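To start, the structure itself, in structure tokens.
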Amino acid sequence: MKNLIDFFKSFLLLELLKGMSVTGKYFFARHVTVEYPEEKTPQSFRFRGLHAQRRYPNGEERCIGCKLCEAVCPALAIKIEVAERADGTRRTTQYDIDLVKCIFCGFCEESCPVDAIVETRIYEYHGENRGDLYYTKAMLLANGDKHEAQIAADRAADAKYR
Amino acid sequence: MINIEIDGKQIQTENGSTVIEAAHQAGISIPHFCYHKKLSIAANCRMCLVQVEKAPKPLPACATPVTEGMKVFTHSEQAVKAQKGVMEFLLVNHPLDCPICDQGGECMLQDMSVGYGGGQSRYHEEKRVVLAKDIGPLVSAEEMSRCINCTRCVRFGVEIAGQMELGQAFRGEHAEIVSFVSGTVDSELSGNMIDLCPVGALTSKPFRYKARSWELSRRRSVSAHDSLGSGLAVQTKNNRVLRVLPIENEDINECWLSDKDRFAYEGLNTADRLTKPMIKQDGKWQEVEWQVALEYAANGLRHIANGAGAEQIGALATANSTLEELYLLQKLMRGIGSDNVDFRLRQSDFSGDVKQQGAPWLGMSVADISRADRLLVVGSFLRKDHPLLAARIRRAARKGAQINIIHSADDDLLMHVAHKAIVAPDALVEALTQVSKALASEKQGQSASGEAGAIARSLAGGERVAVLLGNFAQQHPQAAQLQALAQQIAALSNGKFGFLGEAANSVGGYLAQAVPGTKGMNAAAMLATPRKAYVLLNVEPELDCADPQQAVAAMQAADLVIALSAYKHHATEYADVLLPIAPYTETSGTFVSTEGRVQSFKGAVKPLGETRPAWKVLRVLGNLLKVDGFGQDTSEAVRDEVLQGVDVSAKLNNAIGGVEAKAAPASSGLQRVADVPIYATDAVVRRSAPLQATADAAIPQVRMHGEELKKLGVQSGEVVKVGQGQGSVQLFAVADDKLPRGVVRVAAGHAATVALGAMFGTITVERA
Ligand code: SF4
Ligand code: SF4
Ligand code: SF4
Ligand code: FES
């Protein structure tokens, strides 16, 4: 009996039709695929993308070289050297993030007492060589300078949830 | 013994102890700030509040004595509520600037606030601000707003350092820690305040912003700068020593460290570090490969040994070289046939060498000093030469021990001195003889008069008497007589006697046999009758020897000077080969402390540049010169060769016989009294910039009794010309009426006085 049913099922291509009906349903349904790069998904203000170092409005870099981010980074991606500046404050002489190691967890931003290191919405960057993704202090500060408006707006939007 | 219960645990503790002590004994922690086991109880931070059964309010555990049957709850609801309340109050005025605070990561307040603090502050009003203070080159008081007014620093000054340099002024919210009188903290123990301060108010100035505490690796080491053998935690990062902290040991340094031990590391990586071997050719210094330099040195030595004779070669080492280095040095010398090797560079009387059996040592354990009830300290600049031993003696004095002093200078020891006899150097023997005689007559029931009598009575009345000979007594031209007299006095008062060793390996040098045998020449003889060749281990002859004039002359006259040194120093003027060797942080080795404690350590960092540990350099030299027994692979092997199966305590012996004490012929003219300033004792310390910026490292002055100055027609504060032999220097004269008459005190071992001669003897002073 079972053999007979199976025979008719395959003879009438029922399974094929069942599969095709799914295809057909989606063929005519509204598209959900985002056509990147022409199209982009909306981003949260908490998006964790490329890092940046921020400055205060008067141009002073925020980072005070406390090394909390270096200590917290689970991927050991951050390297900091500090020295006392002529005005008696401690500043970084080296602040590198190896984005090849980074897992974009955001702990560095979370630990920073002065909101100096932040993760921006930027995810469109690349490196052609491995070393290109080794971001130095100057590169990070340049990132910050370029996107400060967006960074500040995002932190302001997030502030009420903290 | 008393039975109490803490958190349900039955505890037996001593009568009279406090709740916090009992809890710590039982391994129960009670949060605290102002309490410190070595300091008196202040009970002013209130962090240690605990609940005690039948007490209506929580009580401070640090100030509550235990009573029989007491029931204490350290984590009950009431206790925790009280602790949290105190924490909140403490944080009211604390700046919470942990990210820029050097204490961050090792801060008691940080740790406690994790346990007892709120997540968020309820305080939104203004915080108090305390202005920064400059209290000297070692301790930073930049951020006094962080102070929680626990007064640990103040109590340390009063109780341990013996000097109230910091105090608390004003009241309530205006209370602040200020430095008194001089404005700076000049104590030779000041660095301990950094450790004591539970917050980041007092921090290390040289270490400021150098690293965060969690980045440092910790290596165990032993102090190379005095004879106590303090345990050091050398903290390093990127192969550089960044900080030195004490390792606690109740029998040695307790939990303290002298500033010398703590800040000397700043002298390790100075610009004049020698990092490549150098030889002098045609009057010019050239950097060469190790092989070249070593062969040059070996050939030179072989040449002289074969030509002029091996006895024309002399080896000098400092007493802060390691046991291994000293041992291999003497082995090398003896291997090539010379018996001239010595490490006692500042000693001038060697007549005791044949008359005593063992290595001179402290004669007791360091802990015994704390237990002594009568002490006689002879010829010692105690506070500066032995800062931590002085602190021990100071504490003994506070507990009622009587301290007696016989010396040629009367520096303030910051402790109660029962009796003292301050005499000129040539009267030192006589002064001790008097005491000895007075003691003998005391035994027969007759009381002698004068200071000697008073000292004798003090000693006779003691149960645990200690007689200690300081550096000055060891360097004295009648050192053997002083030793014999000290032995006599100790015997008469049923006490012990010994030497406060001058440097880290003053005992180790003897164990390593780095002293001349019967045929050999001692340090003084080697320089007095110049040799054709010298091997210098860690030595800067003009600063480390008893007579710089003589030392330099001998070096200049020599055909070959091989200097094993960590630094490019004056040796460039007379040496022929400079071999870069590792200072104590870069090599493994062993120091034998003045109490005979053998302590080995490993290198904390890798040797700088092409520097090599001296024991390896000496081993290769031994091989090149084809001396047997230079096959050791490790410094441990060298150490075992010296010490394996040896009972060190059996080798220590101060007993001396066959010495007759006779007063020195009264000297005509003025006599020199020379101390080696605390921060001029060894090559590393001399180069430590922060130490050199302290008051103790000021340019030496010429100190004389006011009347003597008047005789010369010189006012205190004027420049005078002091001369010895051919040399003279110009220094400021200062009247010091505490000095005996006929005495001129000018420091030795300092760059400003190298033109002078021997540390003892006559000296001239005239108007400049
Ligand atoms: S995002 Fe995470 S992994 Fe990347 S640097 Fe920051 S802490 Fe490190
Ligand atoms: S970025 Fe922030 S957390 Fe990292 S060192 Fe600088 S201040 Fe500290
Ligand atoms: S400076 Fe430090 S040790 Fe001194 S009272 Fe303030 S917190 Fe206590
Ligand atoms: S530790 Fe008890 S009051 Fe401070």
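Computed from a predicted model, the values in this text were never measured in an experiment. Every chain is numbered from 1, with letters handed out A, B, ... down the list of sequences.
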Heavy-atom neighbours of [X] [atom1] exceed 12 at 6.0 Å:
{"X": "B/Arg240", "atom1": "CZ", "result": "no"}
{"X": "B/Gln120", "atom1": "CD", "result": "no"}
{"X": "B/Phe89", "atom1": "CZ", "result": "no"}
{"X": "B/Lys84", "atom1": "NZ", "result": "no"}
{"X": "A/Glu128", "atom1": "CD", "result": "no"}
{"X": "A/Tyr36", "atom1": "OH", "result": "yes"}

Legend entry - Side chain B/Arg212, main chain A/Lys67, donor-acceptor under 3.5 Å: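 It does not hold such a pair.
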
Legend entry - Choice from A/Ala83, A/Gly65, A/Gly88 maximising heavy atom contacts with chain B below 4.5 Å: A/Gly88

Inset, instruction - Please look at B/Asp97 and chain A and tell me whether the side chain, the backbone, both or neither of the residue comes under 4.5 angstrom of a heavy atom of that chain. - result: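 For B/Asp97, no heavy atom lies under 4.5 Å from chain A.
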
Legend entry - Contacting moiety of B/Glu142, where chain A heavy atoms sit under 4.5 Å: neither

Legend entry - Between CZ on residue A/Arg90 and CZ on residue B/Arg208, distance to nearest 0.5 Å: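 CZ of B/Arg208 is found 9.0 Å from CZ of A/Arg90.
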
Inset, instruction - Return the minimal non-hydrogen interatomic distance between B/Pro99 and A/Cys66, and the atom names on each side. - result: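 Taking every non-hydrogen atom into account, O-CB, 3.1 Å.
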
Inset, instruction - Return the minimal non-hydrogen interatomic distance between B/Tyr209 and A/Val82, and the atom names on each side. - result: O-CG2, 3.7 Å

